[in-house]
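One-based numbering, in listed order, for ligands and for the atoms of each.
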Amino acid sequence: MTQHLAAPSTGTSTDAPGHRTGWWQDAVIYQVYPRSFADGNGDGMGDLAGVTARLPYLRDLGVDAVWLSPFYASPQADAGYDVADYRTIDPMFGSLPDADALLREAHALGLRVIVDLVPNHSSDRHEWFKRALAEGPGSALRDRYHFRPGKGTDGELPPNDWESIFGGPAWTRTTDPDGTPGDWYLHLFAPEQPDFNWEHPAVADEFRSILRFWLDMGVDGFRVDVAHGLVKADGLPDLGSHDQLKLLGNDVMPFFDQDGVHEVYRSWRTILDEYPAGPSSDGGRILVAEAWTPTVERTANYVRPDEMHQAFNFQYLSTAWDAAELRKVIDSSLAAMRPVGAPTTWVLSNHDVTRHATRFANPPGLGTQIRTPGDRDKGLRRARAATLLMLALPGSAYVYQGEELGLPDVTDLPDEARQDPSFFRAEGQDGFRDGCRVPIPWTREGSSYGFGDGGSWLPQPAGWGDLSVEAQTGVEGSTLELYRAAIAARRAHPGLGAGSDVEWESAPEGVLVLRRPGFVCTVNTTGAPVELAVPGTLLLASAPVAVEGGTVELPADTTVWWTV
Ligand code: NOJ
């Protein structure tokens, strides 16, 4: 299939000389988590047919592109991030013709489609790994993963001290075909997710071929899972006393952010550049890094001109609702990306972290896995204000399904309903990612609030229908209408999203006044109203504001957009 995009979904950014241009520079990209978006066949699990049927909703929301989390053949040990076959669709999600139909329909609606690529590890049910185990210690296929003898007198200890991100050791011991304990294999995540050995040429060749398979299908890009993890330090050295599980603000780890990963992305970039951009001819197919690195400067390495196009800005996602902190991270993010000419990205929520309406409802400093609902009204007020700030910034913004409905995390899921492997590996102390994965409500009523006819794989809470698309559509002041208006305004005002600079004006403590071409954004992060001089004509506000004469009273936790 070739690309057939109906209309360019956004204007190409005009930008400082030397900067690259393309649809993705200032795109609003919507993350669909296929399990939880829409269930087309009534089995309680979202699927590709469900996504296709709801694409007009995304067109009307105004986003430029959709990123789909994995839908490949998988035993689902980590909700599809354990891939058994990279070229087929899991029957739970549909079939290759369903994927083709989704791509065609999205392109006909002017939406681009980015798929998830999982190159750091496969499933333990991947053909290579199954054979590597079955063939025993001499199998050449073992070289495509990290198999090592254990330490200790009988090899009973793991080969090094690395821990899995999901808790417990990063190594699992195998049993040889004759039933005796054998070598160990590395898995930075669950034991069902063995890490590939990227030093092996067959691994690199296979992924170049997988890229081409999906590019030939017509996808517009790839979100690259654990992009920072592919290459491990020579000799797999012990980590020593470091805090292993902290993903940001650490020294470079022997298993993360090794300089060798960049060679992989340079090779992928040449492949993407071979593919035509499609009839809209305003930029090509893209690579987006999920790279947790110690600093924004190291994140910028992933988006050098001959590597990827975008990288998620997790430093921004991890920032508290605090004016000074926000300003600092905005400035450092823009400064880090400027030298490499890549757009900064902004993201507040995804399928791995507590939804921002709940993060901001709780005191700062609790991290991104929170189990308490906090003050829900305050959380929603701040979430709406945070979204308007995000959408005012230059670069590309990511929206996670359901945040446009102001959904909170579901913090009271019963343990027996939970499916996140990290919850079990960390013995219930961590891994609360199911709370942001609860299927989203489309209608006020119905067994799963319009998600599908067959219930929902995670229980939806009472009252979910009041937050549904149906309940919010056309309702003035609803969160859904706020998102629609904000995204429409971003299109109508080319100054928003474009470029790579913001100008700060002086403001009272806890307040931000940010100027962009033809536009001012005022943000009050404090818990009390603040009076400001009116900077222009009111365009959009995250909460009702009173403008009187030359003064505006900015309510607590509110963002207002002004044209000037
Ligand atoms: C990052 C993904 O976003 C997450 O959901 C997954 O568990 C890990 N990578 C492992 O693939």
Okay, side chain of N197, backbone of D143: is any donor-acceptor separation there less than 3.5 Å?
yes
For H121, the ligand 1 atoms with a heavy-atom partner under 4.0 Å come out as 10 (C), 11 (O)
Check whether D64 reaches the backbone of V28 with its side chain - one donor and one acceptor, N or O, closer than 3.5 Å.
yes
Name the closest protein heavy atom to atom 1 (C) of ligand 1, giving the residue it belongs to and the distance to 0.1 Å.
D225 OD1, 2.8 Å
Provide, to 0.1 Å, the distance between atom 8 (C) of ligand 1 and the closest protein heavy atom, together with that atom's residue and name.
F189 CE2, 3.8 Å
What protein heavy atom sits nearest atom 3 (O) of ligand 1, and how far off is it?
D352 OD2, 2.4 Å
Beyond-backbone contact of L405 with V469, side-chain heavy atoms, under 4.5 angstrom:
yes
For F166, which part has a heavy atom under 4.0 Å from ligand 1: side chain, backbone, both, or neither?
side chain
Per-atom contacts, ligand 1 versus R433 - under 4.0 Å to a heavy atom
4 (C), 5 (O), 6 (C), 7 (O)
Less than 6.0 angstrom separating the ring centers of Y86 and F213, yes or no?
no
Atoms of ligand 1, numbered as shown, that sit under 4.0 Å from any heavy atom of V226
9 (N)
Is it the case that the side chain of Q258 and the backbone of K232 share a donor-acceptor pair, with hydrogens and angles ignored and the cut-off at 3.5 Å?
no
Is any NZ, NE, NH1 or NH2 atom of the basic residue among E290 and R223 found under 4.0 Å from an Asp or Glu carboxylate oxygen of the other?
yes
Among the heavy atoms of R437, does any lie under 4.0 Å from an atom of ligand 1?
yes
Is it true that R54 and E105 make a salt bridge, defined as a side-chain N closer than 4.0 Å to a carboxylate O?
no
Report the nearest protein non-hydrogen atom to atom 6 (C) of ligand 1: residue, atom name, distance rounded to 0.1 Å.
D78 OD2, 3.3 Å
Measure the distances from the heavy atoms of R223 to every atom of ligand 1 and state whether one is below 4.0 angstrom.
yes
